[in-house]
Amino acid sequence: MRLLNSLAIAISMYSKIPVPTVDWNEKNMKYAMCFFPVVGVITGILQFGIGYALLEYTSCGKFFFAAVMSLIPVLVTGGIHLDGYADTIDAISSYGDREKKLQILKDPHTGAFAVIGLCVYFVAVLALWSEAESYTLPIAACMYPLSRSLSGISVVSFHPAKNSGLLRTFQDGAQKKRVRIVLIIWACICAGLMLYLGWQQGGAAVAGAAAVIAAALLVFAYYYWMSRKKFGGTTGDLAGYFLQMCELAMLAVIVFAGKII
């Protein structure tokens, strides 16, 4: 029952999927982050199923397909990670000192750079999905749990930039060592599945799958460096920023690797 409560907390926090209400107490919070990738699994299944149906069984245009694929993750999550992405863009674009950046992350108002950043992000995602083919969908579906696995690893591993906030709540409530191990297993399963799917499509596609995994790890390394240098540690907003950038990078590699291979 405790694990089910942890699952409910993770899904209710990181998605708009209706689940029973449970108490956010110490026992239920211990392993909540272990189930963060489940939201990615649900998103990936929807992306694959709806995307494949649109491409193979309808006569819809590429623009409509791209728009649907761009919106599905937003509808599933309610935009919680995009909010972190927008706040982080605002903070980085301020070129202020560390305290100034952290203040901007807490500011509920949306700045001009956040709006610009979101517009650029959606144009990029829309353009990339318009170039996707049905055979790229299985690997693309795996990028959602992988990005959440890595984001979760950062939550229980990186130094926090603040002594309060939602990320600190999850950090303090989590059994960090066990949660980290579970999330690493999640990440390895996602990466292994990507490589297997690439192998199924042909030898050259394995290199494309490996490039997707490498892109995710490179963004993760940048996220670690950036959060330490510019903010003194990570926050919930920065974790959301990483997740969005990681998925964008993986999608770009999936599309371009598909064109080359």
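Numbers here are sequence positions counted from 1.
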| So, for Lys100 and Ser94, which heavy atoms are closest and what is the spacing to 0.1 Å? | CG-OG, 4.4 Å

| task | Tell me, yes or no, whether the heavy-atom count around Tyr224 atom OH, taken from other residues, nucleotides or ligands under 6.0 Å, exceeds 12. | result | no

| task | Flag the pair Met245 / Tyr222 as yes when at least one side-chain heavy-atom distance between them is below 4.5 Å, and no otherwise. | result | no

| Student check: side-chain heavy atoms of Phe64 and Leu54 closer than 4.5 Å | yes

| said: Tell me whether Tyr14 contacts the main-chain N or O of Phe35 through its side chain, where contact means a donor paired with an acceptor under 3.5 Å. | reply: no

| So if you build clusters from Ile, Leu, Val, Met, Phe, Trp, Tyr with side-chain heavy-atom gaps below 4.5 Å, do Leu71 and Val255 land together? | no

| said: Testing the 3.5 Å rule here: is there a donor-acceptor pair between the side chains of Gln244 and Tyr121? | reply: yes

| task | Return yes if a side-chain donor-acceptor contact under 3.5 Å exists between Thr234 and Tyr223, otherwise no. | result | yes

| What heavy-atom pair brings Val253 and Ala215 nearest, and what distance separates the two atoms? | CG2-CB, 3.7 Å

| task | State, with a plain yes or no, whether a side-chain heavy atom of Phe231 is found less than 4.5 Å away from one of Ile92. | result | yes

| task | Please report the closest heavy-atom contact between Leu137 and Gly51, naming both atoms and the distance. | result | CD1-C, 3.6 Å

| field | Test item: Phe122 and Leu82 side chains (from C-beta on) under 4.5 Å apart, heavy atoms | value | yes

| query | Is there a side-chain contact between Arg180 and Met33 (heavy atoms, below 4.5 Å)? | reply | no

| request: Quick one: sort the Tyr52 and Tyr57 rings into parallel, tilted or perpendicular, breaks at 30° and 60°. | output: perpendicular

| message | With a 4.5 Å cut-off on side-chain heavy atoms, are Val219 and Phe242 touching? | response | yes

| Run the side chain to side chain contact (heavy atoms under 4.5 Å, CB included) check on Phe36 and Val179 step by step: do they pass? | CA-CA 11 Å; Phe36 185 23; Val179 171; over 6 Å; no

| query | Under 4.5 Å between any side-chain heavy atoms of Ile213 and Leu195, yes or no? | reply | yes

| Over 12 non-hydrogen atoms of neighbours within 6.0 angstrom of NZ in Lys62 | yes

| request: Answer yes or no: is there a side-chain heavy-atom contact under 4.5 Å between Ile181 and Ile184? | output: no

| Nearest heavy-atom pair of Gln201 and Tyr135: which atoms, and what distance? | NE2-O, 2.8 Å

